[in-house]
Amino acid sequence: MSDVIPFRKPSLKEKHKGNTLCRHGHHKWELDKTNQFDVKQGKLVTIYNCVRCRKQKVMSL
């Protein structure tokens with residue numbers, strides 16, 4: 001027997017959960033340590049990812 005998946009439209013509350021803060025510039029930045037070197041520029045970089053909206057911020061040293 002197969003699993004039954006409910007097909008329903010997510011509510012607006014579920015769709016935009018946590019994104020209202022990011023829309024007003026209050027991101028929740030988290031340090032990403034997987035790639036610390038930029039090959040094109042040849043510099044060390046620090047990459048931050050927002051936990052809520054997955055936006056990236058790159059700061060070079």
Side-chain angles (χ1 to χ4, degrees):
M1 186 137 262
S2 64
D3 295 330
V4 178
I5 301 171
F7 292 105
R8 66 174 181 86
K9 186 176 177 182
S11 68
L12 290 176
K13 183 180 178 181
E14 293 172 353
K15 185 177 179 183
H16 296 290
K17 184 178 181 182
N19 288 336
T20 55
L21 289 171
C22 292
R23 276 188 259 146
H24 294 288
H26 300 287
H27 295 279
K28 187 175 182 181
W29 296 114
E30 186 176 72
L31 185 63
D32 184 17
K33 296 183 180 181
T34 58
N35 190 6
Q36 295 181 352
F37 188 76
D38 188 12
V39 179
K40 291 182 182 177
Q41 294 181 1
K43 296 180 181 178
L44 288 172
V45 294
T46 305
I47 299 173
Y48 293 99
N49 291 325
C50 180
V51 177
R52 292 187 285 256
C53 68
R54 294 178 218 94
K55 186 175 180 179
Q56 275 193 345
K57 177 171 71 170
V58 178
M59 299 179 71
S60 59
L61 299 173

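No experiment lies behind these values; they were computed from the predicted model shown.
From Ile47, atom CD1 reaches atom CE of Met59 across 12.5 Å, with rounding to the nearest 0.5 Å. The CG atom of Asn49 lies 13.5 Å from the NZ atom of Lys28; values are rounded to the nearest 0.5 Å. Atom CG in Leu31 sits 7.5 Å away from atom CD in Gln36 (nearest 0.5 Å).
For the pair Arg52 and His27, the tightest heavy-atom approach, listed with the atom from each and the gap, is NH2-C, 3.6 Å.
Qualifying side-chain hydrogen bond (donor to acceptor under 3.5 Å, both in side chains) partners for Ser11, counting only residues two or more places apart in sequence or in other chains: none.
In Arg23, the CZ atom is crowded: over 12 heavy atoms of neighbouring residues, nucleotides or ligands sit closer than 6.0 Å.
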